[in-house]
Structure formats: structure tokens, C-alpha cells
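Here the structure is laid out as C-alpha cells; the discussion comes afterwards.
When reading the values below, keep in mind they use all heavy atoms of this one structure, side chains included, and skip hydrogens, waters and symmetry mates. In this text the structure is predicted, and so the values were computed from the model without any measurement.
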Amino acid sequence: MTHAHGLALALVGRMNEVAHPGRALPQGLALLGVGHAAVAPVKVELERRTRRSVWSLQPHPRFGPEDDSYELDARSRARGLDLVTITTPRALRLNPLLTSLSPGVRLGPVVTWMILIDRRAAVLDGPRTPEGDPTAWIATSGPFLEGAVELWDATSAESTPALADGMPPPLGPRQLDVARGVCLGRTDTTIARQLGISERTVARDVAAILEVTGARSRAEAVLNMLGRGRHSRS
């Protein structure tokens, strides 16, 4: 077990002990939201308040063709924020578009989800409610923020870039837009009209998507992009 792995398990254990809606909480820890729908608008507000950096640990970053976090990341980069994501090597099989969506992604010993904002606040994963809903918490001071910063520093030190230095991402922004359209079941004609490009360009982009995802057909490419293909089971 690596140092980062041990720190992560310790942080998860402490969260499971104390992070429960309705209970008294330790200093600096507060409930951010219950369920994905409740957390999404809060993430937008947190992005607006961020001044320098958003660093995240994501064990299994799946591709969602309608996920608006990609636009949020693009807005953050345009503002000059330092965005770094660390995930596991297996995530590249679950999400073959990952290095195109996040060219700076790093690979390391990630076992829990976390977002560290400006090194001054941490969004942490908490235990599920009795109804099975996920919970998200924010630490702004005290031992949980200190533990999150320590975990990030250790995981970052043990991580390596997913792409070699100077290597371009496999797919460009337009090709990623085409990939979203393919995942949503849109025809080449519809994708071409929506993106303002020719059907021939869409066809070339689809061929590139099949190559990157290791697929032999459009249907297999969709399964691979969504983390449901044969590569995800290996």
C-alpha cells in the first residue's frame, strides 16, 4: 500500500464515521448536497468563486455525452485556472476519451473522489444515505481540509502524466463534439447540421473515434465510450 493509498483510506474512514446529514459535525465540515441533482448547481457556484486552482481525484471518471462539467472545465481554463485531475490507469479503459477531454490528466493511486479548490476548500465524498443517495461535503478548515491537502500532495507526488510530454490529445474539440453526437444516437446528417460541418468531415471524425476507442463499429464505439464495452471488463 502506498502512502497516498493509506491517507485516502484514513480520510474515507473518518468521513464514514462523522459525515451524516442531521448529525453534529466537526469544525470546518458542512454538508454540500444530497444526490447528484442537488450538488450540480453548487459546483457552478464554487467554480465562480475559485481564484487559482481546481485539483481533483476521480477513481472512475466516466464519459457522459450530456455532462455539462466539460463546459464548466472549459470556462475554468479560459479564466486561467489550474485544472489537474488524477485518476487510475484503469480509467483509461473505462473512458477512452479521457486524455482528449483532459489532456493533462495524471495516473496514480486514487481510491476516493475529491476536489481541492485553491488549497483552501475541499469537496469530499461522503457515505450514502439510507435511501442510497450519494452525499457531498465541503471542508473549509480543520482536520478534514488538512487531510485533503495532505492526500492531494501525496497522490500528486506518486502520479505520472497519462500523455507523454508534448504528445497531442488523440481527439480534438470538434471530434469530441462528434463523439457526443454519436453517443446520443444522432446521424451523421444531424451532427453535421448541428456543428456546421460537412457529412464527409463527420465521417472522417467517426473513423478517428473508432480508432481511438478500439471499436470495429459505431455501436461498439458507443459502448466503449460509455465504459460498457469489452475493454471495461478487463
Nearest-0.5 Å distance that lies between atom CG in L163 and atom OG1 in T99: 4.5 Å
E158 side-chain N/O to T155 backbone N/O, donor-acceptor pair under 3.5 Å: no
Exercise: do S156 and S159 side chains pair donor with acceptor under 3.5 Å: no
Test item: R62 side-chain N/O and G227 main-chain N/O as donor-acceptor pair under 3.5 Å: yes
Backbone N/O of E146 and side chain of E150: donor-acceptor pair under 3.5 Å: no
T213 vs L97, side-chain contact (heavy atoms from CB on, under 4.5 Å): CA-CA, chis, key distance, verdict: CA-CA 7 Å; T213 59; L97 301 186; 4.2 Å; yes
Flag for W55-D82: side-chain donor and acceptor within less than 3.5 Å: yes
Side-chain heavy-atom pair Q175, S100 within 4.5 angstrom cut-off: no
D118 (side chain) donor-acceptor with T50 (main chain) under 3.5 angstrom: no
Any donor-acceptor N/O pair, T201 side chain to I197 backbone, under 3.5 Å: no
Value rounded to 0.5 Å, distance of CD1 in I115 from CH2 in W152: 10.5 Å
Joint hydrophobic cluster, L226 plus I191, side-chain heavy atoms closer than 4.5 Å: yes
Side chain to side chain, V123 and L46, heavy atoms closer than 4.5 Å: yes
Separation between CG of L72 and CZ of R48, rounded to the nearest 0.5 Å: 12.5 Å
Main-chain N/O of V12 paired to T112 side chain as donor or acceptor, under 3.5 Å: no
Side-chain ion pair, E17 and R14, N-O less than 4.0 Å: no
Shared hydrophobic cluster for L94 and V110 (ILVMFWY, side-chain gaps under 4.5 Å): no
Check: S102 side chain, V105 main-chain N or O, donor-acceptor pair, under 3.5 Å: no
Full working for side-chain contact (heavy atoms from CB on, under 4.5 Å) between T129 and V34: CA-CA 8 Å; T129 66; V34 176; 3.8 Å; yes
Q58 and T87: side chain donor to acceptor below 3.5 Å: no
Q194 CD: over 12 foreign heavy atoms closer than 6.0 Å: yes
Closest non-hydrogen atom pair between A179 and M225, with its separation: CB-SD, 3.8 Å
Heavy-atom closest pair, residues P89 and G108: CD-O, 4.2 Å
Distance, nearest 0.5 Å, that separates CD1 of I209 from CG of L176: 7.5 Å
Electrostatic pair R174-D205, nearest N-O below 4.0 angstrom: yes
T190 side-chain N/O to R186 backbone N/O, donor-acceptor pair under 3.5 Å: no
Working for side-chain hydrogen bond (donor to acceptor under 3.5 Å, both in side chains), residues E199 and T189: CA-CA 6 Å; E199 290 188 47; T189 301; 3.2 Å; yes
Separation of L151 CG from H3 NE2 (nearest 0.5 Å): 9.0 Å
Joint cluster assignment, M114 & V149, ILVMFWY side-chain distance < 4.5 Å: yes
same_hphob_cluster(V222, L210) at 4.5 Å side-chain heavy-atom cutoff: yes
Between CD1 on residue I117 and CD1 on residue I138, distance to nearest 0.5 Å: 5.5 Å
Pairing of R180 and E66 as salt bridge, 4.0 angstrom limit: no
Verdict with reasoning, W137 to D125, per side-chain contact (heavy atoms from CB on, under 4.5 Å): CA-CA 6 Å; W137 304 75; D125 195 20; over 6 Å; no
Nearest heavy-atom neighbours spanning A19 and P127: O-CG, 3.1 Å
Within-4.5 Å side-chain heavy-atom neighbours: F144 and L11: yes
Sidechain N-carboxylate O distance under 4.0 Å for D188, R193: no
Flag, side chain of N95 to backbone of P61, donor-acceptor distance under 3.5 Å: yes
Connected via hydrophobic side-chain network under 4.5 Å: V182 and V212: yes
S53 versus L81, closest heavy-atom pair with distance: N-CD2, 4.5 Å
Distance-only side-chain donor-acceptor flag, S56 / T85, under 3.5 Å: yes
side-chain contact (heavy atoms from CB on, under 4.5 Å) between V111 and H5, worked out: CA-CA 7 Å; V111 297; H5 197 161; 3.5 Å; yes
Heavy-atom pair with the smallest gap, counting every atom of A121 and T140: CB-CG2, 4.3 Å
Residue pair R51 / R79: nearest heavy atoms and the distance that separates them: NH1-NH2, 3.7 Å
